[in-house]
Amino acid sequence: MLDPLILRNDLHATVAALETRGYALDAGAYEALEARRKALQMEVEELQSKRNSNAKSIGQAKAKGEDIQPLLDAVAELGDQLKTAEASFRQVRDEQADWLLDMPNLAASDVPAGADESENVELRKWGVVPTFEFEPRDHVELGELHRMMDSEAAAKLAGARFTLLKSSFARLHRALAQFMLDVHTQEHGYTEVYVPYLVKGETMQGTGQLPKFSDDAFATTDDPPRYLVPTAEVPVTNLAADQIFAADDLPLKYVAQTPCFRREAGSAGQDTRGMIRQHQFEKVELVHIVRAEDSKAAHEELISNAEIILQKLNLAYRTIVLCKGDMGFSACKTYDIEVWLPGQGTYREISSCSNCSDFQARRMKARVRNPESGKNELVHTLNGSGLAVGRTLIAVLENYQQQDGSVRIPEVLQPYMGGQELITL
RNA sequence: GGAGAGGUGGCAGAGCGGUUGAAUGCACCGGUCUUGAAAACCGGCAUGGGUUUGUAGCCCAUCGUGGGUUCGAAUCCCACCCUCUCCGCCA
């Protein structure tokens with residue numbers, strides 16, 4: 001959520017900033033609503049103040065044994081007036097809240113301009129794109145060859161966009177997640193957390209998935225509904241909700257492995273082949289809760305923590321910064337990591353690391369007490385994949401394949417595979 | 001699922017329908033004292049919001065949540081949520 005004060009004090013600059021993110025805000029309508037809010041709030045509070053002082057006088061008069069009837073008569077209409085005013089105020093306030101919850105975060109000043117992904121900017125490349133003396137297979141072909149990846153079996157159970165993994169592929173998938181968790185906890189100083197996969201609506205609202213993107217999430221049928229987490233970012237970041245941290249509690253660095261559930265509404269027809277885009281996938285997620293002045297540095301740390309996983313796996317990748325038009329709702333700046341997939345002959349997203357500044361913190365009331373001023377300040381929240389496990393599996397399979405279809409197991413994963421070095425046919 | 005107990009400030013814990021935003025203790029911050037520290041003493045110390053040039057004033061809201069009764073609700077009524085204990089069921 002944006003700070004309502006910037007909309008109040010600098011509406012036109014904010015409208016312009018939102019426009020670069022593809023969000024059109026009707027300044028006139030918002031201004032009118034804000035004017036009504038101000039008038040109504042003042043009216044309500046004035047009536048409340050009157051009610052309070054009257055009640056106090058009545059109490060005092062009664063204590064002295066005076067006749068209070070004239071005082072009662074004097075306030076007879078106050079209750080109704082107050083009720084009416086409160087109802088109008090509440091309506092305007094809710095309307096304004098809906099509006100605020102609908103607006104995306106503002107881009108950081110160093111985010112490149114641009115309307116869509118074609119204007120993202122590559123920052124660096126790492127690794128050597130492998131060359132093959134044969135036509136490399138994609139992960140689907142490899143899966144069929146090994147009979148270890150079965151989308152039909154998954155479809156029978158759950159419908160489209162699910163994948164079933166078997167034997168060495170299933171183990172490799174598990175090994176990857178274990179490996180990532182170990183690197184982040186042992187080498188990068190993260191605290192591992194195990195979290196609920198079903199969360200309340202207010203939790204989804206805290207990180208920005210609700211109310212705007214309800215179509216993207218799976219919800220349960222109980223009342224009120226719970227939501228299947230679309231990313232561990234949701235439960236983990238919300239650990240900070242309603243908290244006031246001491247300055248030396250921060251930074252908090254959490255890592256969690258969870259399944260992620262996404263409706264993929266609106267992506268029909270995209271990536272239908274293989275396990276690139278699924279309703280359910282596993283992800284190791286990194287979350288930082290930091291003081292505002294530390295979030296830029298934390299963002300750099302986060303992206304490097306994610307990149308190291310690919311380096312250890314010796315997978316070629318490139319890192320890009322998303323342009324304003326391609327960024328997600330809650331982010332003020334986002335880096336993506338794209339891994340080279342030989343089967344597709346292209347780089348594909350495998351991690352997305354975002355600085356959400358105070359946008360989520362304001363929604364979920366996550367604060368830190370400034371030891372100098374004694375004031376509470378909103379924290380900054382950051383999250384990033386470290387990495388998407390399913391896509392990393394794809395990358396390993398496609399990059400480590402050999403002519404006969406066998407797949408070498410990266411050295412760092414072998415301890416997690418019981419010493420196995422090769423997945424043979 | 002059944003029975004019972006309970007949800008008040010960072011924590012513990014008071015609170016007759018009326019100057020209670022809330023006693024008291026602990027913690028924390030500042031000061032006095034001390035060579036220094038501790039102790040003792042004095043003072044301060046919830047959050048959010050509105051108004052305002054203002055981190056000054058003034059005002060409003062908040063005692064699990066939402067309704068209700070009332071001139072007035074932390075206190076009374078209703079519903080819901082959550083926590084704990086015991087029983088049942090169960091990975």
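Every heavy atom of this structure was used, including side-chain atoms; hydrogens, water molecules and symmetry mates were not. Letters go in sequence order (proteins before strands), and every chain restarts at 1.
Nucleotides B:G49 and B:G10 place their P atoms 16 Å apart, quoted to the nearest Å. When the P atom is compared between B:G9 and B:G2, the two are found 30 Å apart, to the nearest whole Å. Atom P of B:A39 sits at a distance of 42 Å from the matching atom of B:A5, rounded to the whole Å. Taking atom P in both B:U19 and B:U62, the straight-line distance is 15 Å, to the nearest Å. Across B:G67 and B:G31, the matching C1' atoms stand 49 Å from one another, rounded to whole Å. Annotation: B:U8 and B:C82 have their C1' atoms spaced 15 Å apart (nearest Å). If you take atom P in B:A74 and the same atom in B:U69, they sit 16 Å apart, rounded to whole Å. Atom C1' of B:G21 sits at a distance of 13 Å from the matching atom of B:G15, rounded to the whole Å.
Both A:K50 and A:K83 lie near RNA chain B, and the one whose nearest nucleotide falls closer to the 5' end is A:K50. Two residues, A:E34 and A:I58, neighbour RNA chain B, and the one matched to the more 5' nucleotide by heavy-atom proximity is A:E34.
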Exercise for review: Give the intermediate values and the outcome of side chain to side chain contact (heavy atoms under 4.5 Å, CB included) for residues A:V111 and A:L322.
Suggested key: CA-CA 7 Å; A:V111 169; A:L322 301 192; over 6 Å; no
Practice item. Could you give me the CA-CA distance, side-chain angles and deciding distance for A:E34 and A:R37, then say whether salt bridge (charged side-chain N to carboxylate O under 4.0 Å, His left out) is met? Key: CA-CA 5 Å; A:E34 169 59 17; A:R37 187 230 100 222; 2.3 Å; yes
Practice item. Step by step, work out the ring-ring contact (aromatic ring centres under 6.0 Å, His included) result for A:F329 and A:F359. Key: CA-CA 10 Å; A:F329 183 70; A:F359 186 83; 5.4 Å; yes
Point to revise | side-chain hydrogen bond (donor to acceptor under 3.5 Å, both in side chains) assessment of A:Y317 paired with A:E307 | key: CA-CA 8 Å; A:Y317 66 85; A:E307 286 181 22; 2.9 Å; yes
Exercise for review: Please test A:Y416 against A:D182 for side-chain hydrogen bond (donor to acceptor under 3.5 Å, both in side chains), starting from the C-alpha separation and ending with a verdict.
Suggested key: CA-CA 11 Å; A:Y416 297 91; A:D182 284 348; 2.6 Å; yes
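Rounded to an integer number of Å, the gap from A:L378 CG to B:U47 P is 14 Å. When the P atom of B:C82 is taken as reference, atom CD of A:E202 falls 11 Å away, rounded to whole Å. As rounded to whole Å, 19 Å separates atom P of B:C45 from atom CG of A:N370. Rounded to whole angstrom, the span from the NZ atom of A:K56 across to the C1' atom of B:A73 amounts to 14 Å. When the P atom of B:C60 is taken as reference, atom CG of A:N54 falls 12 Å away, rounded to whole Å. Between A:Q69 atom CD and B:C71 atom P the separation is 10 Å, expressed in whole Å. A:I68 places its CD1 atom 10 Å from the C1' atom of B:G72, with the value rounded to the nearest Å. To the nearest angstrom, C1' of B:U70 lies 10 Å from NZ of A:K62.
Across all strands shown, B:G43 pairs with B:C29; the Watson-Crick or G-U wobble distances both stay below 3.5 Å. Nucleotide B:A14 forms a pair with no other nucleotide shown, judged by Watson-Crick or G-U wobble geometry with both contacts under 3.5 Å. With a cut-off of 3.5 Å on both Watson-Crick or G-U wobble distances, the partner of B:C84 is given as B:G4. Pairing of B:G21, defined by two Watson-Crick or G-U wobble distances under 3.5 Å, is not identified with any nucleotide. Shown here, B:A37 forms no base pair; nothing in the strands shown gives a Watson-Crick or G-U wobble contact with both key distances under 3.5 Å. A 3.5 Å limit on both hydrogen-bonding distances identifies B:A79 as the Watson-Crick or G-U partner of B:U65. Searching all strands for a Watson-Crick or G-U wobble partner of B:G57 with both distances below 3.5 Å returns B:U51. In this structure B:U70 sits in no base pair that meets the Watson-Crick or G-U test at under 3.5 Å.
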Expected rows: protein N/O vs nucleotides 61-66 of chain B N/O, under 3.5 Å:
from  : atom 1 : to    : atom 2 : distance (Å)
B:A61 : OP1    : A:R51 : NH2    : 2.5
B:A61 : OP2    : A:N52 : ND2    : 3.3

Pairwise N/O distances under 3.5 Å, protein to nucleotides 48-50 of chain B:
from  : atom 1 : to    : atom 2 : distance (Å)
B:G49 : O2'    : A:Q41 : NE2    : 3.1
B:G49 : N2     : A:E45 : OE1    : 3.3
B:G50 : OP1    : A:R8  : NH1    : 2.7
B:G50 : OP1    : A:R8  : NH2    : 2.7
B:G50 : O4'    : A:Q41 : NE2    : 3.0
B:G50 : O3'    : A:R37 : NH2    : 2.8

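Taking the six-membered ring where the residue is Trp, A:Y194 and A:Y197 present perpendicular rings, their angle passing 60° and hence far from 30°.
Here the two rings, on A:F218 and A:H279, have centers that are under 6.0 Å apart. Checked against a 6.0 Å centroid threshold, the rings of A:F281 and A:H173 do not count as neighbours.
Relative to the six-membered ring of A:F89, A:R93 meets both conditions, a distance below 6.0 Å and an angle of at most 45° to the axis.
Looking at A:R348 and A:D271, a side-chain N of the basic residue comes within less than 4.0 Å of a carboxylate O on the acidic one, giving a salt bridge.
Screening residues 357-367 of chain A for side-chain hydrogen bond (donor to acceptor under 3.5 Å, both in side chains), with sequence neighbours left out, gives A:N105-A:S357, A:E233-A:Q360, A:D358-A:R362, A:Q360-A:T381.
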